[in-house]
Amino acid sequence: MPWLKHICFILLVSLSTLSCDDAPKHPDSLGKGAIDISVDETFQPIIDEQKRIFDSSFPEAKVSIHYKPEAECLKDYFENKARLILVTRDLTKAEKDGCLERKIYPTSLSVARDAVAVIVNNESPDSLLDVNALKGILTGQFKTKYTVVFDNQGSSTVRFINDSILRGEKLGSNVFAAKGNKEVVDYVSKNPAAIGFVGLSYVSDDNDPQNTGAFIKNVKVAAVQNAESHELLKPYQAYIALKSYPLTRTLYYINSESYPGLGTGFANFLAGQRGQLIFFHAHLFPTRSEMVIRSAQINNK
């Protein structure tokens, strides 16, 4: 009967409209909208470059990045002030359980492998160090008295050094925090009795067209001895990839979005082909890409 078909059509249209009205609406999507994220300030040079390329690809997206010490990034995440953060450690089980209790549902993924670089003044005689020497310098018990400089008291670098080198021992009275990684480099370059710990991005030479892993010239990047192989290694990309450089660490994104929002879009970009290539050219090791590392010998003849 014609009238029955007409009623069915009206009913279908009504149901379709109802389902659209009831669907959850979000202010942002994978490539559109606005979001504030918190990022470990150690990675500012490389993440600024990531954002530049992301912005050119998604002109309707506005990612506002707040660079902070790692401890503050994590605080922003736990207090639900940032849906996406970039830090050098994953959440612990206790932290994940605490998030779930507050209805925050974390997902995390490693996107790159980085290193803490040990820098000394160009006049310093100590540019070949082992972990025991570093521990002595950090606790003020080394044969040569150094002023040790970090970027910030709550930084990922301080936490990493505490966890990987000090292992419960306290920093000496010869240690102080500057206002950032650039300030650490500047201080060490001017003070022969200084030694600094900074993120790799701050000592990588931007004018390195062959991507050989060259370092800046105003300070010396020290070589650190691998405890197993006894090799003295600098934070070159291959040694970071193999984790043979002793002060290697990992960059993670931690995301709480329960829908495909802009935080997820930016995280996907970092883990995708273009984002991984940007990490590679910044001398970090991209962990989401398949790369082959081959041994090679240089013939000086």
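Quick note: residue numbers are just sequence positions, from 1. This is a predicted model, so every value here is computed, not measured.
- Under 4.0 Å is where a charged nitrogen must lie from a carboxylate oxygen, and between Arg249 and Asp163 no such pair does.
- Under the 4.5 Å side-chain heavy-atom criterion for Ile, Leu, Val, Met, Phe, Trp and Tyr, Tyr77 and Leu251 are members of distinct hydrophobic clusters.
- More than 12 heavy atoms of other residues, nucleotides or ligands sit less than 6.0 Å from atom OH of Tyr252.
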Trace of the side-chain hydrogen bond (donor to acceptor under 3.5 Å, both in side chains) decision for Asp48 with Tyr67 | CA-CA 10 Å; Asp48 276 349; Tyr67 293 103; 2.7 Å; yes
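- A distance-only check finds a donor-acceptor pair linking the side chain of Asn226 to the backbone of Ser229 [under 3.5 Å].
- Taken to the nearest 0.5 Å, the NZ atom of Lys81 stands 12.0 Å off from the CG atom of Asp36.
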Which is it for Gln276 and Val111 under the side chain to side chain contact (heavy atoms under 4.5 Å, CB included) test, yes or no, and what are the steps along the way?
-> CA-CA 8 Å; Gln276 292 289 284; Val111 290; 4.2 Å; yes
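- In the hydrophobic clustering of this structure, Val158 does not group with Leu74; members are Ile, Leu, Val, Met, Phe, Trp, Tyr whose side-chain heavy atoms approach within less than 4.5 Å, directly or through other members.
- Residues Ser256 and Ile104 come closest through the heavy atom pair CB-CG2, 3.7 Å.
- Salt bridge Arg52/Glu49: present, at least one basic N to carboxylate O contact under 4.0 Å.
- Checked against the 6.0 Å centroid threshold, Tyr236 and Phe215 count as a close aromatic pair.
- With rounding to the nearest 0.5 Å, the separation of CD in Glu257 from OG1 in Thr107 is 8.5 Å.
- Hydrophobic cluster membership is shared by Ile46 and Ile53, with clusters built from Ile, Leu, Val, Met, Phe, Trp and Tyr side chains linked at under 4.5 angstrom.
- Between the CG atom in Asp151 and the OG atom in Ser156 there is a gap of 6.5 Å [rounded to 0.5 Å].
- Using a 4.0 Å cut-off between a side-chain N of Lys or Arg and a carboxylate O of Asp or Glu, Asp97 and Lys93 qualify as a salt bridge.
- The two residues Ser57 and Arg274 make their nearest non-hydrogen contact at OG-NH1, 2.6 Å.
- Val63 and Ile254 are assigned to two separate hydrophobic clusters, defined by single-linkage of ILVMFWY side chains at heavy-atom distances under 4.5 Å.
- At most 12 heavy atoms of other shown residues, nucleotides or ligands fall within 6.0 angstrom of atom NZ in Lys32.
- Note that OG of Ser38 is 9.0 Å distant from CG of Leu84, once rounded to the nearest 0.5 Å.
- Using a 4.0 Å cut-off between charged side-chain N and carboxylate O, Glu41 and Lys68 make no salt bridge.
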Check: residues 172-180 side-chain donor-acceptor pairs under 3.5 Å, at least two apart:
unit_1	atom_1	unit_2	atom_2	d
Asn174	ND2	Ile137	O	3.0
Asn174	ND2	Tyr146	O	2.9

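- There is no side-chain donor-acceptor pair under 3.5 Å between Gln44 and Ser201.
- The hydrophobic clustering, which links ILVMFWY residues whose side-chain heavy atoms are closer than 4.5 Å, places Leu200 and Val188 together.
- Pairs of residues two or more places apart, or lying in two chains, never qualify as salt bridge (Lys or Arg N to Asp or Glu O under 4.0 Å) while including a residue from residues 223-244.
- Defined by atom type and a distance below 3.5 Å, a donor-acceptor pair is present between the side-chain atoms of Thr264 and Asn255.
- No donor-acceptor contact under 3.5 angstrom links the side chains of Asn218 and Ser189, judged on distance only.
- Of all non-hydrogen atoms in Pro192 and Glu123, the two that sit nearest each other are CG-OE1, 3.9 Å.
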Trace of the side-chain hydrogen bond (donor to acceptor under 3.5 Å, both in side chains) decision for Thr42 with Asp40 = CA-CA 5 Å; Thr42 308; Asp40 180 346; 2.9 Å; yes
Working for ring-ring contact (aromatic ring centres under 6.0 Å, His included), residues Phe266 and Phe54 = CA-CA 8 Å; Phe266 189 63; Phe54 182 83; 5.1 Å; yes
